[in-house]
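Input: a single structure, listed below in structure tokens.
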Amino acid sequence: MKPFFILCLLSFGLNASELTAQSRYTVENGNLIFDMMIEKPGYYFTGGLERYDAEAIKNYLFDNPEINTLRVTGPGGDGPAAKAISAYLVQHSINTEAFGDCASACARIFLGGKSRRLATGATLGFHRPWIDKESEKIFYKANRVKEKWEEEFDYVPWIYNVAIGDVVESIEFMRSRDVDIDFILKIYSINSYDMWYPSPGELLEAGVLTE
């Protein structure tokens with residue numbers, strides 16, 4: 001049935017590469033292609049990076065030792081997942097290539113690459129981190145007894161401390177990837193709800209791109 005099914009799809013003008021592109025993760029010619037805008041069946045989908053992506057990508061890289069490059073695209077999403085993926089890329093000297101629009105948490109993943117390049121027409125987007133109000137409400141309610149928070153304002157010093165720690169970690173990570181400090185400061189001057197798309201020349205000069 002499978003050959004007949006594919007033949008039918010091809011008759012409607014779809015080629016093999018277009019069929020492959022419908023997967024969230026694709027292994028192809030030494031590359032792991034990760035498109036976070038494609039839904040993974042059976043999982044909650046927001047259109048961006050999800051918490052489960054970190055484990056999935058680690059497993060793909062572990063099970064396919066021939067992979068030397070992660071090609072990635074997407075609007076960003078889960079921060080901890082981006083940190084975990086980028087750390088794994090650094091640890092195993094995996095290269096990265098951004099294609100399409102790779103922004104926010106996607107750019108963090110990209111920076112984990114040993115060598116880092118842009119596909120033709122690709123962009124990298126940067127901004128300050130942001131906090132999702134609804135997620136923080138859920139976290140507060142789930143942890144208020146354990147943390148002895150009597151009201152929402154008791155939570156403020158805790159999350160402020162976490163946020164500052166995240167900023168410091170991000171700066172240290174970017175500096176470890178040889179990104180220029182002036183470029184990093186420019187990122188943190190961008191409003192959390194805006195996006196800065198540096199030119200390829202700016203990215204190369206700042207050390208974000210290695211080629």
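- Heavy-atom contacts from other residues, nucleotides or ligands closer than 6.0 Å to CD of Glu205 number 12 or fewer.
- Atom-to-atom distance recorded for Thr96:OG1 and Arg71:CZ is 11.0 Å, nearest 0.5 angstrom.
- Each of Tyr25, Phe45, Tyr43 was evaluated against Tyr52; a single residue qualifies, Tyr43, per the ring pair (Phe, Tyr, Trp, His ring centres under 6.0 Å) test.
- Arg24 has a carboxylate O that lies under 4.0 Å from a charged side-chain N of Asp53, or vice versa, which qualifies the two as a salt bridge.
- Taking CG of Leu209 as the reference point, atom CG of Leu111 lies at 9.0 Å (rounded to 0.5 Å).
- Between His92 and Tyr88, the ring-plane angle classifies as tilted under the 30° and 60° cut-offs.
- Shown here for Tyr188 and Met174, the closest heavy-atom pair between the two residues is CE1-CE, 3.9 Å.
- Ion pair Glu169/Arg108 flagged as a salt bridge, since at least one NZ, NE, NH1 or NH2 atom sits closer than 4.0 Å to an Asp/Glu carboxylate oxygen.
- In this structure, Pro80 and Arg51 approach most closely via the heavy-atom pair CG-NH2, 3.7 Å.
- Counting non-hydrogen atoms of other residues, nucleotides and ligands closer than 6.0 Å to CZ of Phe62 gives a total of 12 or fewer.
- For the residue pair Lys40 and Ala56, the shortest heavy atom distance occurs at NZ-CB, 4.2 Å.
- With hydrogens and angles left out, the side-chain atoms of Asp101 and Tyr197 include a donor and acceptor closer than 3.5 Å.
- The number of heavy atoms from other shown groups lying within 6.0 Å of NZ (Lys114) does not exceed 12.
- Summarising the local packing, CD of Glu211 is surrounded by more than 12 heavy atoms from other residues, nucleotides or ligands at distances under 6.0 Å.
- Within the 3.5 Å criterion, the main-chain N or O of Pro157 finds no donor-acceptor partner in the side chain of Asn161.
- Taking each heavy atom of Thr210 and Leu204 in turn, the nearest pair found is C-CD1, 4.3 Å.
- In this structure, Phe126 CZ and Leu203 CG are separated by 6.0 Å, a value rounded to the nearest 0.5 Å.
- Salt-bridge check for Asp166 with Lys83: passed, with a basic side-chain N closer than 4.0 Å to an acidic carboxylate O.
- Between Trp196 and Phe183, the gap from one ring centroid to the other is short of 6.0 Å.
- Separation of atoms CG (Asn95) and OG1 (Thr69) is listed at 4.5 Å; rounding is to 0.5 Å.
- Considering all non-hydrogen atoms of both residues, Ala107 and Cys102 come closest at N-SG, 3.7 Å.
- Note: Ser104 OG to Ile109 CD1 = 10.0 Å, rounded to the nearest 0.5 Å.
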